[in-house]
Amino acid sequence: MKLENIPILSILIFLPLVGAFFISLIDRSVSIANTRKVALWTSVVTFGLALILLLGIDIHTPSYQFINHATIFEGINLEYKVGINGGSLAFILFTTFLFSLSIWAGWDRIQTQLKLYMILLLIFETLVLGAFAQLNLLMFFVFFEATVIPLYFLMGIWGGKDKAQASLKFLGYSLISSFCLLLVLMKILEITNTLDFERVSQFPFPPSSETWLFLGLFLSLSIKVPLIPFHVWFPQAQTQFPTPVSMIAGSAFVQLGTYSIIKILIPLFPYAAMRMGPFICSLGAVGIVYMAWVAFGQKNIKKLIAYASLSQVCLVILGIFSFHPMALMGAVFYLLSYGVVGAALFFSVEVLYRQMQTYSIEDYGGISKVMPDFSLIFFLVLLANMGFPGTGGFIGQIFILIGLHQIHPLLLILTGVSIFFSGIYTLWLYQRVAFGVITSTLVRGLVDLNLREKSILVTCLGLIFLMGFFPDPFLRLTEKSLISVLNSQKQPSETLELAEDSHAY
Amino acid sequence: MLINTAMFLPELFLGVFSLGLLFLGLYRPGIRGKEETSLQLALPKGASYGVLILLLVLLGFLWFAHIFQGISFSGFLISDKMSILSKAFICLIGLSWIGFDNRIIESTLERDGIKQFEYPVLCLVSIIGSFLMVSAHHLLAIYFGIALQTIPLYVLISLKKGGGLSKESALKYFLLGSLSSLFLLYGIALVYGFVGSGDFREISTSLEWLTENSLGYSWLQAGFLFIVIGLLFKLGLASLNPWGPDISQGVSNAQMPFLLLIPKISGAILLVRLLFGAFHGLHFLWKPLLLSVALISLVMGSVGAFSQTNIRRFFSYMGLFHMGFFLLGLSSKEFNGAYAGLLYLFIFSGTTLGFLFFWTTLSTNDRNLDKIPQVKGLLKKQPVVAGILCLLLLSLAGLPPFAGFWTTLYLMSTVISGGSFIIGISLASALISAIGYLKIIKVICFEEGHEEIHSTFSWTSGWILLIPFVILFFTAQDFFLEIIREALSSL
């Protein structure tokens with residue numbers, strides 16, 4: 001059997017959608033148990049397919065493999081075209097894994113309208129996977145923007161108390177981002193007459209328009225990622241999402257946005273990226289410190305985690321725009337580990353919330369006495385979050401720091417300080433939650449982890465430590481595709497000449 | 001010239017049918033004041049199927065007319081692919097509204113106190129007027145068609161019982177309609193005075209050999225502008241729009257398509273025929289005019305709709321916004337813009353119609369829903385209808401991957417060469433309108449409401465077909481585009 005003959009990538013992308021369709025057919029009387037099972041199996045099989053792709057992929061080349069395409073709209077030469085290389089596959093693997101975990105985590109958390117919840121979640125999975133694999137810019141836009149729809153409903157229907165305001169803010173920011181993205185795509189279409197990613201990336205843009213296009217696309221992606229100063233929607237949205245959704249929504253947006261910067265933004269406009277690099281780096285440096293500072297003062301656990309993750313995102317952006325191969329690899333590795341750690345953190349908060357119905361740090365204190373297992377695991381997860389040696393975050397941070405050191409020592413100092421900060425606020429959080437005297441009767445009545453919760457947290461921890469002790473396979477998977485991004489980076493002078501040539505004719 | 005009746009069998013059939021309904025209503029003893037309208041009496045039980053048959057007969061006639069294309073009634077009317085396509089579309093909209101789910105619309109009408117047997121007759125006569133509008137081939141035929149279309153509407157609007165709003169609407173519509181007819185007729189007189197004929201073909205040939213120095217050329221231009229302004233007034237485009245929302249507010253939900261959609265579609269087709277057929281020689285004049293009107297409409301429509309709470313006012317403003325996009329397509333530099341504009345027009349009027357229908361099935365305390373806040377918590381009370389409404393709203397908001405997104409995208413790709421300013425304004429207003437639509441979703445799904453909402457929706461309704469269409473539109477968009485391209489090439 002040859003893998004090339006089966007459109008396995010498209011099957012992977014649309015399998016969750018098929019699962020959602022079957023869920024919609026489930027009869028009302030047997031719906032709850034069956035819905036959960038179908039959703040879980042769909043996501044697990046999707047993860048399995050991603051593993052099959054891993055067996056078949058050639059990681060020694062940065063070129064896109066498993067390419068499927070189909071024409072969608074002849075009127076504007078629109079083509080559905082998917083393909084992956086090592087870098088994309090790494091993200092697809094982690095995304096499918098986290099989705100299975102999230103469905104397993106939401107097993108008995110979601111009580112109302114479970115069918116609709118699972119359908120939306122699976123649609124969301126299809127859209128995220130499709131956005132990772134798309135090679136046509138317009139179809140990328142379609143998948144990327146459509147993720148807003150299921151998330152809007154997930155937040156609006158199952159969200160927390162301030163969901164109305166948060167969902168409108170989320171929607172507003174997303175639509176502004178898609179507005180910029182569409183504007184840029186329209187302009188690219190006008191200039192190059194195609195939106196096929198590989199063809200557009202070979203097109204020499206004239207420097208003046210390249211800068212504007214770069215800025216437009218960067219603005220759009222930085223709202224999604226989200227970077228300072230467009231981050232306002234993110235902590236609020238993360239607080240209002242039901243926690244199983246927070247587990248994936250955060251990492252999906254961050255990973256999708258950041259990986260799009262690596263995969264699309266830099267290869268398309270290498271020259272502009274090089275020129276704007278220092279500005280974006282300084283933005284990132286400010287962001288790291290600012291977000292860490294804001295996280296420091298948070299009273300809501302979920303918000304604290306969201307701000308902490310925003311600080312980490314800025315670190316990743318720094319790693320990318322330092323244009324150092326090691327920093328770039330470190331950034332991607334950090335992103336992958338970030339997804340798992342974030343999921344584990346949000347789920348830990350969920351474990352507490354399920355029994356206490358509060359996210360406020362003040363209401364906790366002394367849980368280590370009543371929940372010893374949980375306290376241990378929570379501590380390990382927090383260590384992973386601050387990038388303790390032995391966890392995945394550490395490898396990523398070290399790689400980024402080495403890269404940054406060769407760019408500018410000041411950046412190194414700033415990031416070092418912020419990493420120090422992150423250590424303080426995570427440990428302080430742990431101290432306030434786990435230690436101290438039990439004051440509230442609610443805390444005294446807490447019950448330790450059950451088997452399902454333990455399995456989720458232990459799986460996450462296992463992966464985190466696996467990444468920490470054996471980073472090699474993960475790094476090798478992404479290495480070649482990332483180096484090729486930097487190679488496209490090496491051509492700015494040629495691009496300039498070509499562009500000037502095209503002007504001359 | 002031979003009067004070829006075969007081409008106009010649909011109009012004749014509709015005319016005879018509506019007169020028959022009128023006679024039935026007048027002479028059947030005891031029908032006045034009864035619960036049943038003449039349409040219900042005329043058609044067998046299970047009127048859905050009866051109207052379906054009527055629709056099929058009409059489409060059959062249209063197919064028949066397709067064979068006998070040409071100009072008839074001494075150059076007064078034309079039957080070409082464009083007119084047949086738009087007639088079929090108007091047929092689908094109008095007749096499916098009257099009849100696919102007869103009971104639903106009837107009960108909505110009853111809740112608004114409309115029990116007159118003339119109701120279906122007036123609707124059908126208005127449809128005949130629209131048919132004449134889209135097949136006009138003479139300046140006077142335009143006026144004739146518009147009059148036949150709007151005069152029944154004046155009466156139709158005033159049928160609603162309770163409150164003075166519907167009377168106010170009817171009077172306002174009547175007065176402003178007459179005023180715009182005035183503009184139209186003055187323009188027609190000027191053009192006729194200069195060209196010596198109202199025939200579209202003669203106008204376009206005379207424009208070919210005319211130059212700016214010709215005698216009275218500026219009068220011709222003035223006359224043309226009067227005609228266009230009259231039409232824009234009828235279409236309720238910016239900045240001649242403020243009457244639109246006021247009038248929509250006074251009507252019943254069940255009359256919305258006849259007021260909001262069919263006049264706009266037929267007027268838009270007429271505009272296309274006029275601009276690309278008769279007055280194409282003056283494109284340097286109408287392209288900038290249309291472009292500015294389009295941009296103002298986009299902004300006024302989207303911003304105006306944003307904070308409306310009355311659903312009919314909301315859709316009236318959104319109609320302005322969508323017509324703005326249509327005009328943007330017409331005014332683009334390429335001919336592709338006209339295809340895109342027409343595709344946009346058809347898709348968005350179809351989706352709006354669907355939304356209005358599913359909205360109309362809802363009622364609370366035996367009253368029709370007027371205000372958007374009234375659907376609070378619909379998702380929990382009527383999950384199916386709420387889901388369908390949300391889907392249609394997502395398509396209307398132009399979010400991927402629904403029908404609305406692809407048509408907007410195609411339209412934007414044709415106006416791209418117009419410059420960043422135009423794209424910027426149109427995308428920004430699209431953004432505002434999208435948020436406006438999504439705010440309704442917020443009300444439907446996320447907010448809690450206490451009042452009971454009833455729905456007359458059933459799964460057997462033919463309207464369900466709209467759902468797969470909206471979702472799977474992208475698989476067939478090339479097909480629709482091809483049809484429109486062929487229709488436009490006949491101009």
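Just so we're clear, the structure is a prediction, and the values are computed from it rather than from any experiment. In what follows, every chain begins at residue 1, and chains take the letters A, B, ... in the order their sequences are listed. Computed from heavy atoms alone, side chains included, the values below leave out hydrogens, waters and symmetry copies.
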Could you check whether any side-chain heavy atom of [X] comes within less than 4.5 Å of a side-chain heavy atom of [Y], counting everything from C-beta outward?
X: A:Phe153; Y: B:Leu394; value: yes
X: A:Leu183; Y: B:Leu427; value: yes
X: B:Leu409; Y: A:Phe141; value: no
X: B:Leu379; Y: A:Leu116; value: yes
X: A:Leu78; Y: B:Phe474; value: no
X: A:Met155; Y: B:Phe446; value: no
X: B:Ile423; Y: A:Leu182; value: no

Would you indicate whether A:Lys169, at its atom NZ, is surrounded by more than 12 heavy atoms from other residues, nucleotides or ligands within a distance under 6.0 Å? yes
Are there more than 12 heavy atoms of other residues, nucleotides or ligands under 6.0 Å from atom CZ of B:Phe469? yes
With a 4.5 angstrom heavy-atom cut-off, is it the side chain or the backbone of [X] that approaches chain B, or both, or neither?
X: A:Leu189; value: side chain
X: A:Ile157; value: both
X: A:Tyr152; value: both
X: A:Leu185; value: neither
X: A:Leu175; value: both

Rounding to 0.5 Å, atoms CG (B:Leu438) and CG (A:Leu168) come to a distance of 9.0 Å
For chain B, which of A:Gln113, A:Met186, A:Glu145 has the most heavy-atom pairs under 4.5 Å? A:Met186
